[in-house]
Amino acid sequence: MGMEKPRRMDGYVRVSRRMGREGPGYISPDVQREAIQRWAEYRGVEIVAWHFDEDESGGTQNRPGLRAAMDRVERRETDGIACWRLNRFARNVSEALRDR
């Protein structure tokens with residue numbers, strides 16, 4: 001019995017204040033959301049809710065949008081969280097797995 005593929009996920013978008021609002025390091029919330037939506041459509045996943053954190057550091061898991069998305073996963077209201085890149089969710093995998 002294999003794991004079922006997620007079919008309903010929350011989208012998560014984060015923009016930090018570190019690099020400002022322009023230049024090559026800045027990926028706008030709209031660009032992130034569009035990329036997540038394209039990925040979801042390609043994979044047959046429905047994005048059922050969107051969560052945004054602006055001016056929030058990836059160095060902490062204590063972000064309002066991320067907390068809301070993770071709470072929904074824990075309550076089984078959604079199958080998971082889709083984000084543009086891992087560094088939008090956390091700075092690295094070990095930080096993502098650390099205490100919430």
Asp53 (side chain) donor-acceptor with Leu66 (main chain) under 3.5 angstrom: yes
Looking at every heavy atom in both [X] and [Y], which two are closest together, and how far apart are they?
| X | Y | value |
| --- | --- | --- |
| His51 | Gly65 | CB-O, 3.4 Å |
| Ala69 | Ile81 | CB-CD1, 3.8 Å |
| Pro29 | Val15 | CG-CG2, 3.5 Å |

Sub-4.5 Å side-chain heavy-atom contact between Asp71 and Glu74: yes
pair Phe52-Gln32: side-chain heavy atoms closer than 4.5 Å: no
Interatomic distance, Glu54 atom CD to Ser28 atom OG [nearest 0.5 angstrom]: 10.0 Å
Inter-residue atom distance Cys83.SG - Arg33.CZ, 0.5 Å rounding: 15.0 Å
Among Glu41, Gln37, Arg8, the one residue meeting side chain to side chain contact (heavy atoms under 4.5 Å, CB included) with Ile47: Gln37
Flag for Tyr12-Arg63: side-chain donor and acceptor within less than 3.5 Å: yes
Common cluster, Trp39/Val13, ILVMFWY with side-chain heavy-atom separation under 4.5 Å: yes
Cluster link Trp50 to Met9, ILVMFWY, side chain under 4.5 Å: yes
Check ion pair Arg72-Asp10 (N to O, under 4.0 angstrom): yes
For Arg75, all residues meeting salt bridge (charged side-chain N to carboxylate O under 4.0 Å, His left out), sequence neighbours excluded: Glu77
